[in-house]
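In what follows, residues are counted from 1 in the order of the sequence shown. Values reported hereafter were calculated over all heavy atoms of this structure, with side chains retained and with hydrogens, waters and symmetry mates removed.
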Amino acid sequence: MFENYIYEKLLVYARQEPTIKKFILKGHHQHRKYNHANTLSISEKSQIVYRTKTREINEFDAMMFTDDELYFVEITLVKSVAKLKKRLRKKRALLQTIFPNYKIKALIILN
């Protein structure tokens with residue numbers, strides 16, 4: 001329920017913020033479901049994932065693009081941020097490889 005509430009707030013923000021050029025959100029907001037290897041795609045579970053041929057590498061809750069920045073959104077209810085920090089470093093490194101022309105930033109939403 002927490003994630004759904006945050007998703008709706010993010011949708012409203014993304015529509016009202018003129019600097020956001022593209023907003024991608026996982027979940028029922030996706031109409032097409034792609035599941036390609038070695039790329040970011042929408043999985044059959046409507047998640048934004050990066051997968052190789054055999055396994056899923058990373059999953060993203062949402063992504064916002066401006067002219068020169070890419071924000072990946074992490075919504076979590078975890079008690080300890082130690083594991084979260086490791087996951088965020090992995091996600092940021094992956095996105096820097098995929099999108100070298102963007103400054104990669106994280107938007108972290110905790111309960």
Would a 4.5 Å heavy-atom cut-off, applied to side chains only, mark [X] and [Y] as touching?
X      : Y      : result
Asn58  : Arg87  : no
Leu70  : Lys103 : no
Tyr102 : Thr66  : no
Phe60  : Leu95  : yes

Please report the shortest heavy-atom distance between [X] and [Y], naming the atom on each side.
X     : Y      : answer
Leu25 : Leu11  : CD2-CG, 3.7 Å
Phe2  : Ile109 : CZ-CG2, 4.1 Å
Val73 : Leu10  : CG1-CD1, 3.9 Å

task: Go through the side-chain N and O atoms of Glu74 and Thr76 and say whether any donor and acceptor fall under 3.5 Å apart.
output: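 Distance-only check fails for Glu74 and Thr76.
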message: Is it true that, when you exclude Lys21 itself, more than 12 heavy atoms of the residues, nucleotides or ligands shown sit nearer than 6.0 Å to its NZ?
response: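 Yes - once you tally the heavy atoms of other residues, nucleotides and ligands closer than 6.0 Å, there are more than 12.
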- prompt: Between Lys91 (side chain) and Ala106 (backbone), is there a donor-acceptor pair under 3.5 Å?
  reply: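 Between the backbone of Ala106 and the side chain of Lys91 there is no qualifying donor-acceptor contact (under 3.5 Å).
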- prompt: With no hydrogens and no angle check, is any side-chain donor or acceptor of Asp61 less than 3.5 Å from a backbone partner on Ile75?
  reply: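 Present.
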message: Counting the benzene-type ring for Trp, do Phe65 and Phe99 have ring centres under 6.0 Å apart?
response: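 Yes, they do, as the ring centres are separated by less than 6.0 Å.
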- request: Identify, with sequence neighbours excluded, every residue that meets side-chain hydrogen bond (donor to acceptor under 3.5 Å, both in side chains) alongside Thr97.
  value: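 Applying side-chain hydrogen bond (donor to acceptor under 3.5 Å, both in side chains) to Thr97 gives none.
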message: Let me check something: do Val12 and Phe23 share a hydrophobic cluster, defined by ILVMFWY side-chain heavy atoms less than 4.5 Å apart, either directly or through other members?
response: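 The answer is no; the residues belong to distinct hydrophobic clusters.
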message: Does the Lys NZ or Arg CZ of Lys105 fall within the cation-pi geometry relative to Phe72 - under 6.0 Å from the ring centre and within 45° of the axis?
response: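 No.
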